[in-house]
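Written below as structure tokens is the structure these notes are about.
It should be emphasised that the depicted structure is a prediction, and the values quoted were computed from it without experimental measurement. Side chains included, hydrogens not; waters and symmetry mates left out as well; all remaining heavy atoms used.
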Amino acid sequence: MTTAPAQELDVQPSPLALLLLGREADPRSERGVECPGDLPSPSDPDLVARARAAKEKLGEKVFVLGHHYQRDEVIQFADVTGDSFKLARDAAARPEAEYIVFCGVHFMAESADILTTDDQKVVLPDLAAGCSMADMATAEQVAECWDVLTEAGVAGQVVPVSYMNSSADIKAFTGRHGGTICTSSNAERALNWAFEQGEKVLFLPDQHLGRNTAVRDLGMSLEDCVLYNPHKPNGGLTVEELRAAKMILWRGHCSVHGRFSLESVQDVRARIPGVNVLVHPECRHEVVAAADQVGSTEYIIKALEAAPAGSKWAIGTELNLVRRLANRFAPEGKEIVFLDRTVCFCSTMNRIDLPHLVWTLESLAEGTLVNRIQVDPETEKFAKLALERMLALP
């Protein structure tokens, strides 16, 4: 039995099939999968030397940014390290660099493109390095949410506040509707500003950061917060619930920070007497409430730098950073462990590996621009407006 060729059967692969085959991007998601060209083998013993040689050849034409959650093998080639917004600002401060290689995830590269000059080209070594949290809020879903708020008669009272961990489309929505962006460091300031502008906040896309900031920092109650689920009619909320709420939280979360539980905290306290529990505000509310300290990635690093020798710490954030900090402070006698017994990396962040970085740098050194991240002018205009509002926060 023979099978007729696909063209004779007039069979066309679906968009989903092309996405799974790695030959197309999902237009409703910030993640892409195309990676033209051949990657070097991860077993190539010369990868480090090749990356170093390509970077030296590019000289000041390239500026490599490394997010804290990146692998050590990648971080060693970063000109600067930091969280997403710090890195985007660092890129904007280097206008002489023609290429900005962002070792992070897609939304971070978008922010860098928004803040850098038109002459600079932002490159993401692997277009499949997305963010599960950012993907939990699409432009279509958020537009539908605004329609729900309008029909409930509350849209005029709502100010959107979007976490930096969101796509350029969501940042642009925020800018169009008079809102601002926030980071995990300045979420309290952003919410205080928003409540000066309106009576309610639509917080996108991380429910945990929004809830923790509202309750822990602004003194609201859990009853002041409602959860909007984009997969349910009207977000799963009644008109009365929307009218009574102060914080309308989007049903999104970080796949890494969301895995930490109250049991994780209780377990580590039982195993390590005297341990200090330090977690990121993207963790669940009950985890944040049970921790000794809560703060952004930069806060966590500074807290450990200031910690006394011999102190013990359980850290609730991404494992690459925790392991790096444990090694860094071990000579000072500081014991640093991962909060959960189950090891968990950020899977999308870890897509940026040494083979992808080598391929990117060697391509650029040969004059071939690959994996450029470019935000369209209209989206950039309103996303930048939202970012500028954040920069102007008191």
Side-chain angles (χ1 to χ4, degrees), residues 66-72 75 81-87 104 133 163-165 182-191 206-219 253-346 349-350:
H67 190 272
H68 286 308
Y69 297 166
Q70 285 293 321
R71 307 162 182 252
D72 288 346
I75 283 291
T81 59
D83 59 17
S84 58
F85 187 60
K86 175 183 180 296
L87 293 176
M133 179 202 295
Y163 191 21
M164 179 63 69
N165 299 29
C182 76
T183 68
S184 53
S185 299
N186 69 5
E188 180 182 359
R189 280 186 288 152
L191 285 185
D206 180 24
Q207 60 169 302
H208 300 306
L209 177 62
R211 183 182 295 107
N212 289 328
T213 306
V215 175
R216 184 175 181 272
D217 299 326
L218 271 63
H253 66 275
C254 170
S255 57
V256 171
H257 293 107
R259 71 173 290 109
F260 298 115
S261 65
L262 180 58
E263 289 71 27
S264 302
V265 178
Q266 294 168 340
D267 176 70
V268 79
R269 290 197 191 281
R271 287 188 289 115
I272 309 175
V275 70
N276 298 282
V277 178
L278 172 55
V279 303
H280 195 282
E282 289 177 18
C283 293
R284 302 177 192 179
H285 181 66
E286 60 268 26
V287 174
V288 165
D292 297 301
Q293 293 188 49
V294 182
S296 66
T297 303
E298 295 291 341
Y299 177 94
I300 290 171
I301 295 171
K302 290 177 181 177
L304 293 176
E305 288 174 342
S311 55
K312 302 174 184 179
W313 297 83
I315 310 299
T317 193
E318 206 272 343
L319 183 57
N320 273 314
L321 175 61
V322 177
R323 187 171 58 184
R324 191 175 301 123
L325 292 171
N327 292 332
R328 174 184 170 187
F329 293 115
E332 300 177 25
K334 300 174 188 178
E335 181 182 349
I336 298 170
V337 301
F338 192 59
L339 177 58
D340 194 28
R341 282 181 180 269
T342 305
V343 172
C344 183
F345 293 97
C346 176
M349 189 78 73
N350 270 263

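Note that CD of Glu298 and OG1 of Thr183 are 10.0 Å apart. Values are rounded to the nearest 0.5 Å. Rounding to the nearest 0.5 Å places CG of Asn276 at 10.5 Å from CD1 of Ile336. Between the CD atom of Glu282 and the CD atom of Gln207 there is a distance of 11.5 Å, given to the nearest 0.5 Å. The OG atom of Ser261 sits 8.0 Å away from atom CD of Glu286, with the distance rounded to the nearest 0.5 Å. We find the NE2-CG distance between His285 and Leu209 to be 13.0 Å, quoted to the nearest 0.5 Å.
Two residues are said to be in side-chain contact when any heavy atoms from C-beta on lie closer than 4.5 Å; Leu304 and Trp313 meet this criterion. When side chains are defined from C-beta on, Asp206 does not count as touching Asn165, because their heavy atoms never get closer than 4.5 Å. For the pair His68 and Ile301, the minimum side-chain heavy-atom distance is below 4.5 Å. The side-chain heavy atoms of His280 and Phe260, taken from C-beta on, include no pair separated by under 4.5 Å. The closest side-chain heavy-atom distance from Ile315 to Leu321 is not below 4.5 Å. Using a 4.5 Å cut-off on side-chain heavy atoms (C-beta onward), Val294 and Arg216 make contact.
In summary, Glu305 and Arg328 engage in a salt bridge, as defined by a charged side-chain N under 4.0 Å from a carboxylate O.
Side-chain N/O atoms of Tyr69 and Thr297 include a donor and acceptor closer than 3.5 Å. Side chains of His257 and Thr317: a donor-acceptor N/O pair is present below 3.5 angstrom, by distance only.
Of the possible polar contacts, none joining the Glu332 side chain to the Lys334 backbone as a donor-acceptor pair under 3.5 Å is found. Within the 3.5 Å criterion, the main-chain N or O of Val277 finds a donor-acceptor partner in the side chain of Asp292. Side chain of Asn212 to backbone of Cys283: a donor-acceptor contact under 3.5 angstrom is found. Looking only at distances, no side-chain donor or acceptor of Asp267 sits under 3.5 Å from a matching main-chain atom of Glu263. For the pair Asn186 (side chain) and Arg189 (backbone), a donor-acceptor distance under 3.5 Å is absent. In terms of modelled atom types and a separation under 3.5 Å, the side chain of Arg323 and the main chain of Phe338 share no donor-acceptor contact. No side-chain donor-acceptor contact under 3.5 Å links Lys86 to the backbone of His67.
Smallest separation of non-hydrogen atoms from Ser184 and Pro281: CB-CG, 3.9 Å. Val279 and Val287 get closest at one heavy-atom pair: CG1-CG1, 4.1 Å. When all heavy atoms are compared, the tightest approach of Arg324 to Asp72 is NE-OD1, 2.7 Å. Summarising the geometry of Leu191 relative to Gly210, their closest heavy-atom pair is CD1-O, 4.4 Å, with the distance given to 0.1 Å.
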